[in-house]
Amino acid sequence: MTNKWQPEAMCKNMRDPRHDILFEPINIGPVTSKNRFYQVPHCSGMGWRRPNTLAAMRGVKAEGGWGVVNTEYCSIHPTSDNDAFPYCALWDNEDIISHRKMTDEVHKHGALAGVELWIGGSLIVNLGTRLPPLGLRNHPQQDTSVYHPGQTRCMDKNDIKNIRKWHRDAAKRALEAGFDIVYVYATHGYLLSEFLNPETNIRSDEYGGPLENRVRFIKELIEDTREIVDGKAAVATRFSVGLNDSESYDAFALLADLPDLWDLTVPDYSVEMGNSRFIKEAALKDSVLKARQLTSKPVVSVGRLTSPDTMVQLLRENVQDLIGAARPSIADPFLPNKISTGNLEDIRECIGCNVCYAHDSLGVPIRCTQNPTMGEEWRNGWHPEKILTTKKRKRVLVIGSGPAGLEASRVLGEMGHKVALAEKSRELGGRIITEAKLPGLSEWIRVRDWRITQINKCQNIEVFPESFMTSESVLELGYENVVIATGARWAKDSIGRHSNCDFREADIGMIISGDEVLEKPVKSKSKFVVYDDDHYYFGSVLALELKRQGHQVTLVCPAGRICSWGEFTDEQTRSNTEVIQAGIKVINNYKIEAVTNGIAELSCVFSGETKEIFCDFVIPITRKIPVTDLYDDLCSKKQEFRDNGIEKIMKIGDAEAPSIIAAAVHSGYRSAIEIDNPASKALNFAKREHPLIK
Ligand code: ADP
Ligand code: SF4
């Protein structure tokens, strides 16, 4: 092995004066934020069921320098219930106690705590409380991601009166819980958006019809909340404005100076929460600027902002007064502090994969591809910036430099172990290198780049590229701990979610794996079939890449839509649109049974009806096979490895169990911690928030 890397220590600790503006305090009504960094309300998958997990996570953000830290959507009353999603609630005294935990954690670090009071409407079905949801029409649930049976109850005047009372009561509880900012939440399709929308608001009284009437309820709620908080907290309003919706600005103008703060977004959630395949940084800028000119009150807005220069530009150009962030604060809770100390190269930039959002939509705590400690602050005591220094320095050999190997090396190095990272290729990064070159995925390279920057700064990590490791070379080196992060490769068979067995017949020359086709592109223009039984991004982006290379491409998928799991990462719709518009033929609800003589034989998953497509190659995207030759070989030589001073061999990341990149990074982090504390796997992951039994 040869060390081609020259680590250099870099620590600036000096803020760039151009970024000073980001650290100017700002008044938000009666309260003051110490700087312009504002963590907007965002779901966490923690909610009222996991108050300790939630308080610890929000506390770390405040510690990282955010001037304001908000909750997720917080229900005012049992008629707004979004079980089985873990949302927050302020229904009773126990909720006050839970929230107090969060506000205490936030206040400890000099940040303001905000709460987003939420009224459901026809997007929800109240699966938990079983009370009929309140809406403006007799209408089925409007959230088209799951078609739950059941309709809303059409609200009458008395319901409006009740909601005003419930909102006031919740605002009172918010004050008791220690919140400094209380929201009126008037967007994202929930009840207040229904009032604004002339299609859904069919009322003929003073709350329906002309725009002045449709904004009335929001106006009343802002006034009610102001009266309740009575100068002890600020009143914020979350609202959508869009350049293609001129009425949204008219509505905004009618309310312009009522709240103390505007939290502005756009009407299209796939832009606001845009997956980086389709939406880049600062995408809301133009829509927000137009509204900013209509109000004298401070404005905050998001846009997956990770670049301090872009942030400064938004403030200088008067687009907004505060830098809103959800995902950038998840990927790097210490983003403000890093800008403050001038350590810009340490910012762990969000890659816009939306894996965080996917998991709260699945009802579990958020996790992050870039930040493996996200969601583990309370359960495991993990911290994004602090790693316990080891008491016993060990020599650790990490093999493979994909996300798992890079993360394990980084963390082991920071713990103080002596680390050697061996990679067979010239370039570090594993799967990230190939995947980041696929259409729309360029930002994913940040996963590799951030880790290499950190590794380069750590004196006790040596990196050895172009070092293919065998069991002999591992034994020869005799490191006490060996971490095998050799990844996984796409299989060349049809075994996957829709089949337990291989193609009935397979012409070997016609089958190419998902890795091979990217490593050695086919030069002659050919007819490709991508068989996507994986149902996430890879099948779609691979098809787009082949199309970009000039091939004829058909995408066959046994599910009703391609990119099914992209429902959770907010990329399914745009992924389908992009594939169709690129001229890729999509065949849904079919499996591939056989591949022979220039033909792929398909069968319908429902009827069994068959059809044939002529093609040159079939690429099965069905499952990945872990690369474990080295691990298996070493395990078969147990006595020899003991004789050579090796104490432990671990298999991590895709080599252990192929999954998403976030899982590989988490596995890398976990394996490093477990080298010092082998018990943590069994003990810490068992830690749950048990309900209090009275
Ligand atoms: P993960 O997602 O688990 O990190 P990847 O597939 O991204 O896995 O990365 C695995 C890395 O391991 C690749 O860069 C690959 O070149 C490297 N690798 C595989 N086998 C060996 C080996 N025997 N010696 C050194 N590096 C290896
Ligand atoms: Fe960003 Fe992805 Fe992390 Fe979410 S999971 S914060 S989108 S890097």
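One-based numbering, in listed order, for ligands and for the atoms of each.
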NZ/NE/NH1/NH2 to OD/OE distance under 4.0 Å, [X] and [Y]:
X      : Y      : result
Glu462 : Lys418 : yes
Glu647 : Arg642 : no
Glu516 : Arg489 : no
Glu376 : Arg670 : no
Arg574 : Glu571 : no
Arg58  : Glu105 : no

- With sequence neighbours left out, write down each residue that passes side chain to side chain contact (heavy atoms under 4.5 Å, CB included) with Val266, or none if nothing qualifies.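 Scan of Val266 (side chain to side chain contact (heavy atoms under 4.5 Å, CB included), adjacent residues dropped) gives Val271, Glu272, Leu284, Ser287.
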
Under a 3.5 Å threshold, I'd like every N/O contact between ligand 1 and protein atoms, with atom names and distance.
from, atom 1, to, atom 2, distance (Å)
ligand 1, 2 (O), Asp654, OD2, 3.1
ligand 1, 3 (O), Asp654, N, 2.7
ligand 1, 4 (O), Pro403, N, 3.1
ligand 1, 4 (O), Ala404, N, 2.9
ligand 1, 7 (O), Arg431, N, 2.8
ligand 1, 12 (O), Ala485, O, 3.4
ligand 1, 14 (O), Glu423, OE1, 2.7
ligand 1, 14 (O), Glu423, OE2, 3.1
ligand 1, 16 (O), Glu423, OE2, 2.6
ligand 1, 23 (N), Met469, O, 3.0
ligand 1, 24 (N), Met469, N, 3.0
ligand 1, 26 (N), Lys424, N, 3.1

- Query: Around atom 1 (Fe) of ligand 2, what protein N, O or S atoms are found below 2.8 Å?
  - Reply: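 Those protein N, O or S atoms (cut-off: under 2.8 Å from atom 1 (Fe) of ligand 2) are Cys350 SG.
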
- Message: Once side-chain hydrogen bond (donor to acceptor under 3.5 Å, both in side chains) is applied, what residue pairs with a partner in residues 356-365 remain, sequence neighbours excluded?
- Response: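 Sorted pair list comes back empty.
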
- Query: Can a donor-acceptor pair be found between the side chains of Gln454 and Asp346 at a distance below 3.5 Å?
  - Reply: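 Gln454 vs Asp346: donor-acceptor pair found between side chains.
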
